[in-house]
Amino acid sequence: MNQPSATPILQARGISKYFGAVTALEGVDLSLAPGEVLGVVGDNGAGKSTLMKILSGLFRPSDGEILVNGRPVHFHSPRDAHRNGIEMVYQDLALAGNMRIFENIFLGREPGRTFGGLTLIDQAGSRRLAAEHLERLQIHVKSVDQNVEELSGGQQQAVAIARATAFAAKVVIMDEPTAALAIKEVGKVLDLIRRLKDHGVGVILISHRMDDVFYVCDRVMALFHGRNFAEARLADTSRNEVIGWIMGTKGHSTALAHDKVI
Amino acid sequence: MTDAVSRNPTTGWRDLRGRLLEDYGILLVVLAMILLLWALQPDYFMTAQNITNIIRQIGMNALLALGMYLVIVTAGIDLSVGSVMALAIMLLAIADTSGVPWPLVLLIGPLVGALIGIINGLGLTLLKLPHPFIMTLGTLNAVRGLCNLVTDGRPVSGISDEVRYLGTGDIPLPFGGEFAVIPVSAILLLVCYCGVAWFMRKVSLGRHIFAVGGNPQAARVSGINVNGVLVFVYAASGFFAGLAALLMAGRTGSGYPNLGIGAELDAIAAVIIGGASFFGGRGTVLGVFAGVLVMGLLRNGLNLMNISAFWQQTLIGIIIILAVWIDVLRRRARARR
Ligand SMILES: Nc1ncnc2c1ncn2[C@@H]1O[C@H](COP(=O)(O)OP(=O)(O)O)[C@@H](O)[C@H]1O
Ligand SMILES: [Mg+2]
């Protein structure tokens with residue numbers, strides 16, 4: 001288990017986000033240790049995706065600060081987050097269906113020779129690197145030349161995860177990666193998360209499925225109406241308690257929970 | 001597309017055949033048109049004179065369509081190219097006839113075009129106008145107005161031979177007689193088409209244009225500067241309109257404020273006939289060239305057969321509809337596969 005005293009690899013303090021009159025987040029804190037899997041739960045509209053988009057550089061916070069390895073950072077775009085080793089798998093996958101698998105994996109970071117901001121893409125190299133990376137993740141596709149739109153939902157999810165892990169990520173954020181998958185594919189994604197953890201990668205997993213949370217997470221935190229609501233190590237809570245948090249209720253006796261996980 | 005074939009030989013062949021039909025089926029149409037016209041006009045169609053004629057006639061549309069292609073791949077549209085081309089001709093004609101050295105005059109067209117393209121791109125991305133149709137409809141009119149304002153509506157004649165060389169020059173071939181020449185404009189087209197094809201396939205920005213057209217959100221989260229890509233494609237479209245201006249200046253020898261009215265529609269038609277998707281993310285440079293050829297051959301053939309321009313327009317309209325309908329059928333077939 002990880003030392004709670006170790007410097008968090010990623011930390012957010014007092015994050016607020018306003019969309020016009022809508023308050024999506026208000027003073028939210030979050031902390032993630034290397035090799036830790038943090039589950040984030042909350043009802044629809046609780047602000048989970050917004051918080052993750054801030055951590056991955058897609059949105060800028062209205063207030064609050066982000067620290068990577070204890071150092072304050074300011075992300076102006078996902079590229080800045082990438083440079084700090086933070087990658088995200090988006091809820092809607094965010095793949096270009098009209099492009100090939102290997103192109104999606106390296107989109108925006110194409111291997112090759114760079115001249116003044118333009119890269120002459122090394123396509124043979126991209127293909128080989130993509131195939132090797134998929135192999136390492138035990139993701140099987142017919143060919144890395146297939147267009148992404150020709151793949152099943154599970155395969156697309158796998159490509160999105162491959163993209164997030166192709167560049168030595170230190171933190172991988174996954175926004176409901178199992179929501180659209182068949183049971184068999186869910187297991188594969190969860191095993192992938194475990195393997196990332198074994199390699200010391202910190203993972204933030206947003207999920208509505210208690211099975212997922214209790215299978216892979218070390219810790220779970222709940223957002224409610226854009227605020228921190230509750231948080232516990234997995235060993236110290238139960239499914240019923242976490243489900244209660246999602247609905248905005250606290251104080252369930254853990255002793256009552258029949259499925260407490262040690 | 002040989003680089004798109006998978007390693008497995010059997011699926012490789014099926015993929016290749018599928019892709020060839022899908023991406024380049026339009027080439028079969030071009031081939032059929034050539035054979036048909038040859039059969040109908042055996043004495044004239046395949047002569048060196050007619051072929052150079054066709055090349056000259058398609059030059060303007062070929063360049064406008066090439067720029068339009070880049071824009072359409074991002075799911076955009078550039079209605080201003082006809083006006084931009086006309087303004088470029090007016091300005092280069094004025095500069096040329098008032099004694100500016102010809103090497104500088106040659107730069108005016110592409111520079112003016114790229115500049116207006118950048119304005120189009122900034123209007124789209126900074127002003128956040130809802131669709132490029134709006135911004136470029138604006139510049140279509142504004143720039144056409146400028147064409148007339150610069151000379152108060154008068155044409156400017158007397159463009160020098162050096163400036164006209166790109167549009168009218170010929171490089172004689174050592175065989176085949178008087179009409180056996182390669183028009184300089186053909187070389188310009190070849191360079192532009194090969195250059196763009198290479199760029200779209202091998203250079204990161206080219207792939208990013210496809211990504212922006214396929215899924216702008218995916219492009220954004222991949223760290224691609226989506227607005228930068230959009231400004232680039234409109235600038236490129238304007239640049240090619242400026243090159244087209246050089247070809248037209250060569251052919252007409254004068255700047256007419258009304259030149260190229262409606263030319264944007266021919267460019268759009270060629271790109272769509274060539275199989276690019278109006279919804280972005282799809283289309284090949286070879287397809288665009290095929291689309292340009294379909295329109296050029298149709299006009300040439302109907303001219304040779306003395307069929308009126310009204311019929312040409314009617315037929316081109318029908319072909320646009322047919323081309324897109326075939327595309328719809330093809331996609332439906334692929335979805336079932
Ligand atoms: N781009 C946006 N513009 C305006 N409001 C937004 C935007 N994104 C999210 N919101 C609002 O922020 C709140 C939190 O949304 P979200 O983070 O998607 O929740 P969750 O992922 O937990 O379901 C919701 O009220 C949502 O409507
Ligand atoms: Mg969400």
Side-chain angles (χ1 to χ4, degrees), chain A residues 53 56-59 75-83 87-124 126-127 131 141-150 159-160 163-164 167, chain B residues 1-12 14-16 18-19 22-23 72-75 198-229 232 275-277 279-284 331 334-337:
Chain A
K53 286 172 182 171
S56 66
L58 190 64
F59 291 165
F75 297 155
H76 299 289
S77 84
R79 196 172 279 252
D80 293 339
H82 293 160
R83 284 200 192 100
E87 301 277 346
M88 176 153 172
V89 178
Y90 290 84
Q91 193 164 3
D92 56 7
L93 299 183
L95 297 169
N98 61 327
M99 300 180 77
R100 292 171 278 179
I101 292 174
F102 76 89
E103 291 184 308
N104 269 278
I105 289 177
F106 294 115
L107 191 59
R109 292 179 273 188
E110 294 83 0
R113 278 177 296 157
T114 300
F115 313 89
L118 295 180
T119 304
L120 183 56
I121 301 171
D122 172 6
Q123 297 204 322
S126 304
R127 276 198 187 85
V141 293
K142 220 164 59 184
S143 151
V144 292
D145 280 309
Q146 275 182 291
N147 276 357
V148 161
E149 66 202 352
E150 295 166 14
V159 171
R163 181 172 71 182
F167 293 88
Chain B
M1 292 294 289
T2 49
D3 63 356
V5 181
S6 77
R7 304 283 174 274
N8 182 329
T10 54
T11 63
R14 209 177 317 129
D15 279 3
L16 177 64
R19 271 182 207 269
E22 222 161 88
D23 291 345
I72 285 181
V73 170
T74 66
W198 175 83
F199 177 82
M200 292 300 273
R201 187 167 298 184
K202 301 286 188 201
V203 179
S204 52
L205 180 53
R207 303 316 295 163
H208 296 172
I209 291 172
F210 276 105
V212 167
N215 184 349
Q217 180 67 0
R220 197 165 290 120
V221 304
S222 300
I224 292 171
N225 179 350
V226 173
N227 284 348
V229 169
F232 173 81
S277 165
F279 299 106
R282 253 167 267 273
T284 63
R331 266 178 228 300
R334 187 177 59 179
R336 269 201 298 270
R337 183 167 84 201

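In what follows, chains carry the letters A, B, and so on, assigned in the order in which the sequence lines appear, proteins first and then strands, with residues in each chain numbered from 1. Bear in mind that the values here come from a model prediction, so they are computed numbers and not experimental data. As a basis for the values below, the full set of heavy atoms in this structure was taken, side chains included, without hydrogen atoms, waters or symmetry mates.
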(request) Grab the two heavy atoms, one from A:H82 and one from B:V221, that are nearest each other, plus how far apart they are. (result) CE1-O, 3.5 Å
(request) Hey, could you give me each pair passing salt bridge (charged side-chain N to carboxylate O under 4.0 Å, His left out) that has a residue in residues 208-222 of chain B? Not counting sequence neighbours. (result) none
(request) For the residue pair B:H208 and A:T119, establish whether any side-chain heavy-atom pair is separated by less than 4.5 Å. (result) no
(request) Check A:L58 against B:Q217 and note the closest heavy-atom contact, atom names and distance. (result) CD2-NE2, 3.8 Å
(message) Does B:F279 have more than 12 heavy atoms from other residues, nucleotides or ligands lying within 6.0 Å of its CZ?
(response) no
(request) With a 4.5 Å cut-off on heavy-atom pairs, point out which of A:L120, A:V144, A:D80 contacts chain B the most. (result) A:L120
(message) Using every non-hydrogen atom in the two residues, find where A:M99 and B:R207 come nearest and quote the distance to one decimal.
(response) CE-O, 3.5 Å
(message) Taking 4.5 Å as the heavy-atom cut-off, does anything in residues 104-115 of chain A contact chain B, and if so which residues?
(response) A:L107, A:G108, A:E110
(message) Looking at every heavy atom in both B:A218 and A:A96, which two are closest together, and how far apart are they?
(response) CB-N, 3.9 Å
(request) Give a yes or no answer on whether the side chain of A:E103 reaches the backbone of B:A211 with a donor-acceptor pair at less than 3.5 Å. (result) no
(request) Could you pull out the closest heavy-atom pair between B:G223 and A:P78, with the gap in Å? (result) N-CB, 4.4 Å
(request) Looking only at non-hydrogen atoms, find the nearest pair between A:E149 and B:R282 and report the distance. (result) OE2-NH1, 3.1 Å
(message) To the nearest 0.5 Å, what is the distance between CZ on B:F199 and CG on A:L118?
(response) 6.0 Å
(request) Answer yes or no: is there a donor N or O on one side and an acceptor on the other, between the side chain of B:N215 and the main chain of A:L95, under 3.5 Å? (result) yes
(request) Report the residues that fulfil side-chain hydrogen bond (donor to acceptor under 3.5 Å, both in side chains) with A:S56, sequence neighbours left out, ordered by chain and then residue number. (result) A:Y90
(request) Calculate, to the nearest 0.5 Å, the distance between atoms NZ and CG belonging to B:K202 and A:D122 respectively. (result) 9.5 Å
(message) I'd like to check the side-chain hydrogen bond (donor to acceptor under 3.5 Å, both in side chains) partners of B:T74; sequence neighbours left out, ordered by chain and number.
(response) none
